[in-house]
Every structure is written in structure tokens, then in C-alpha cells.
**Q** 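Next up is a structure, given as C-alpha cells.
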2 protein chains.
Amino acid sequence: MGRPRAFDVEKALDAMLCVFWRKGYEGTSYADLTAAAGVERPALYAAFGNKEALFRSALERYVERYLDYFPAALELPTAREVAGRILHGVVDLNTRYGEHTGCLAINGALAGPDEAEPVRQALIDFRAAGQERLRQRLERAKAEGDLPPGASPEALAAFVMAVSHGIAVQAKAGVGRAMLEAVAEQALSTWPAGGAAAPASPGR
Amino acid sequence: MGRPRAFDVEKALDAMLCVFWRKGYEGTSYADLTAAAGVERPALYAAFGNKEALFRSALERYVERYLDYFPAALELPTAREVAGRILHGVVDLNTRYGEHTGCLAINGALAGPDEAEPVRQALIDFRAAGQERLRQRLERAKAEGDLPPGASPEALAAFVMAVSHGIAVQAKAGVGRAMLEAVAEQALSTWPAGGAAAPASPGR
DNA sequence: CCAGTTTCATAACAACCGTTATGAAACATG
DNA sequence: CATGTTTCATAACGGTTGTTATGAAACTGG
């Protein structure tokens, strides 16, 4: 009962996500948000809460809509393939849309005033969680002999994520896909070779 | 003649530079700036112009005060040493001060509202200029046989800068120096071996 | 010591920020 | 059709943004 919604909440969130993607959390005003969503401020407050809660909803949407390549990459058979898929996935996502290049998890809030620190910390935790998942995957690779005994899964995970972040910064600066592909390939060029063959199906 | 300055312009600029470093261009308010400089707004306007001009002055100061390692790195004899010095210089600078980690050229303005686009573009140009200087240095290295004929100075320069940016993002997120050193080393492990020996003094 | 000049802080400016109180509009149920 | 409930836009809230007009304070020159 009651008056029905006059706007599509999901579509509005998708649209606002793109604004956050382009302008970041602090750089996005409610004037931007209402223009993108097509409804006025009170409707957004009723549907999503305040600006911080709205941004967190946008981040969740970002994950399920654009970051599916990441868990898929983790399931590839070799560590080298995992890293390659991640880096090329980053290049693809960060250069796919001309209006909002780069990565929401970095554009969203890197530096800013003290009041925005909760959001900044949320993005830090978010990125760290991804890095941790990659580290565990590389740990497994090392146990399987897919990485040499001297390799450090923690350092390799940090390296892959750092290159990803660097690619995101460059993409936001307007660097084209071809150049960033070359950056990814350079990063992959000396991936440590494992002593064993393919871990899951060694005989294939 | 006239009333003399009651504050040290250079010290004020140094102090405000640190604020921009920590909070970025948009995230820094005049309340922050006056608190750091120790003088009120009109004094800053008289000495530096408006906020954008003030930020540009801070960026210049940043270069001459913190980025001296970069031109020094370009003068090292081999491309590998150049890249190594740059990456380790980045790690050092980005983790040296706990109050303002990361890099001003990235923290300053990555994403933001449309009004701040001139500042964003200035930082993009600034970073691109550094990358171009590195590219020219690597071009020379290739001509000297310090890099293999198949190597791409443009891609290698983009790679080194991308890793630098990634390190800056991680440093801003609180990642420690040791881990970032490992990232830099992993990046350097991908460096292509040159065909010739040391270029300038091959017999040494 | 007075006139001229430069620099300073106080205080105000309009514009915008995120947030919310108010009341009209649109539905389901009785 | 009236009642209750939910959602909407209008409009305002206090606070902060970058910028500047005003006038007092501090110096050098004559």
C-alpha cells in the first residue's frame, strides 16, 4: 500500500555509480546525483540513506556489475594465468568507458578532507580484501608447485595490485588501452616459473 | 617602503604543500591552509593569488624539494639502474612522512568535480612530462645497446611510471615500506637484459 | 612628525554543500 | 468514497566553500 515508486531504484543506482566513478565521492554533489538518477534529493535519501550509505551501495553494485572478472580469474589453473587475467581485466575495465575511466575503488576517494575518512578507509579495506584473496590463491599455487619455493605470494599479490592501481591512474589520465596492455605484459614478463607443470591436471 | 611581511612566505608554502599532499587540491580548504601557514586568507591571496595558483606554486616547490631523485636517476649509466633508482626513490618518498604519504602529483587531484579539471590536467601533464623524460633516457639506452633491440622505451617508461603510481596508491593506503620495496624489486625483475655491457665504459 | 605605501586581520560576500521539514500527490484498503 | 500509508517535489535549513571589500597597523620617505 501507499504511493508506488515513480523511478527505477536499480537504474538510478547504476547511473549514480557512474557519476561516483567519474568524479569520486567528494567530487560528486547531490546536484550531480539527482541529475543522473532523475529524482530529487529526498527520494534518494529515502531509498539509500545519506551520501556515505549511497556510495557504499554504489560500491556493492560496482562489484557485482563490473568486477566479476576477478573471482573468475582466481579460478584459473595456474598463477601466471590468474595474474594475467587480472591485469588484462583491469586494463579492459579501466579503458572501456570513455566517460568514466579508471577504477571506482581508487577514483572514489584517494586523498581528501578528514570528514571523508570513513569512505577512504572503506575503499582501502575493499582493495586490501581483493589483494588478500589473490595472496591466498598464490599461496595455494606455491603449495602446488605452481610457484617456486622462494616466491613470496604476499609480495607477488602486492605487485599485481600495485600494477593494477598504476594502470587505473594512467587510464584516468587518458592513457589508451594499447599502451596499458603493454604495461600489463611487461609486468607479466618475468612471472616466476613453477617447478611443477600444470597443478590440477599434470598429465594433460 | 610599506609595511613589511609579518610571515615567511617560503615556510608558509612549505607548510601548505604538506596539506595539499595529504588532502589533495579539492580536499584542502582555506581553513586548512591558513592554519598551516599561520596567516589569514587575504595574506595568502596577496602572496600567491587564488587557490589554483597557490596549488601550482606548491607543485613547483614539491619538485625542487622532494623530486630531486628523479633527474639524478636519469643520469645513472644503465637503464636498469635508472629504473631501480626511480622506483626505490618513489618508495622512499612515498613512505617517508607518516602525516602525508603517497605522492602529491596523484593525491593532488585524481577524480573530482568539473571545476577542478584545470588542476587535474596540470597534474596529468606533469606526470606525462616525467614519463617522457624517462622515455627519452630509455631511447638513448636502446641506441647504446643497453636495452635489447626489441625493447620498447615507450612501454618500459609507461611501466615504470605505472608501478610508481601503484606504489603511491598503496603508500597512501598505509602499506609499509618493506612491502613496497618488494613490489619495486618484483617490477625490476622484469627488466630486459641489454645486449651490450655498460655503455659508457665497456672495458671497466 | 606627517604623507605615502604596503600588509595585515576582521568581516562580509554570494554560492554551494549535505540534510531535512513541510505538504501535496498517488496508491491500497475499508 | 473516505482513510491510512507511502512517495514525491518544493523549499528551506545551518554550515562551509573560495573570494574580496573595508579599514586599521606598520613601515619608509620627505
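Here is how names work: the chains are called A, B, and so on, in the same order as the sequence lines, proteins then strands, and each is numbered from 1. Since the model is a prediction, treat every value here as computed from it, not as a measurement.
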**Q** Between C1' on C/dT7 and CG on B/L44, what's the gap in Å once rounded to a whole number?
**A**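 It works out to 13 Å between those atoms.
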**Q** May I ask you to say what B/F7 touches in the nucleic acid, namely base, sugar-phosphate or nothing, with a heavy-atom cut-off under 4.0 Å?
**A**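 Sugar-phosphate contact only.
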**Q** Specify the separation, in whole Å, of atom OH of B/Y30 and atom C1' of D/dT17.
**A**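 Atom OH in B/Y30 sits about 11 Å away from atom C1' in D/dT17.
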**Q** Could you tell me the separation between the CD atom of B/E26 and the C1' atom of D/dT17, rounded to a whole number of Å?
**A** 10 Å
**Q** For A/G84 and A/L188, work out which heavy atoms get closest and say how close.
**A**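 What the structure gives for the nearest pair is CA-CD1, 3.5 Å.
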**Q** For B/D92 and B/R85, run salt bridge (Lys or Arg N to Asp or Glu O under 4.0 Å): C-alpha distance rounded to whole Å, both residues' side-chain angles, the deciding distance at 0.1 Å, then the answer.
**A** CA-CA 10 Å; B/D92 175 53; B/R85 178 79 162 262; over 6 Å; no
**Q** For the residue pair B/L76 and B/E81, what are the closest heavy atoms and their distance?
**A**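 Looking at all heavy atoms of both residues, the shortest contact is CD1-O, 3.6 Å.
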**Q** For A/L54 and C/dT20, give me the distance from atom CG to atom P, rounded to whole Å.
**A** 14 Å
**Q** Taking CG from B/D8 and P from C/dC8, how many angstroms apart are they, rounded to a whole number?
**A** 12 Å
**Q** To the nearest 0.5 Å, what is the distance between CZ (B/F20) and NZ (B/K51)?
**A** 6.0 Å
**Q** Using a cut-off of less than 4.0 Å, is there contact between a side-chain N or O of A/N50 and OP1 or OP2 of C/dT19?
**A**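 For C/dT19, OP1/OP2 do have a side-chain N/O of A/N50 under 4.0 Å.
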**Q** D/dT17 P sits how many Å from B/L33 CG, rounded?
**A**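 Value for this atom pair: 10 Å.
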**Q** Regarding A/T34, tell me which of base, sugar-phosphate or nothing describes its non-hydrogen contacts under 4.0 Å with the strands shown.
**A** nothing
**Q** Check this for me: does the side-chain of B/R41 come within 3.5 Å of the base of D/dT19 through a donor and an acceptor?
**A** yes
**Q** Grab the CZ-P distance between A/F55 and C/dT19 for me, whole Å please.
**A** 14 Å
**Q** Per the atom types in the model, does the base of D/dT6 pair as donor or acceptor with the side chain of A/R3 at under 3.5 Å?
**A**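 No, no donor-acceptor pair under 3.5 Å.
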**Q** Using a heavy-atom cut-off of 4.0 Å across all strands, would you classify A/A6 as base, sugar-phosphate, or nothing?
**A**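 Answer is sugar-phosphate: A/A6 comes under 4.0 Å of backbone atoms only.
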**Q** Name the nucleic acid region contacted by B/P42, choosing base, sugar-phosphate or nothing; use a 4.0 angstrom heavy-atom cut-off, strictly under.
**A**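 The residue B/P42 makes base contact.
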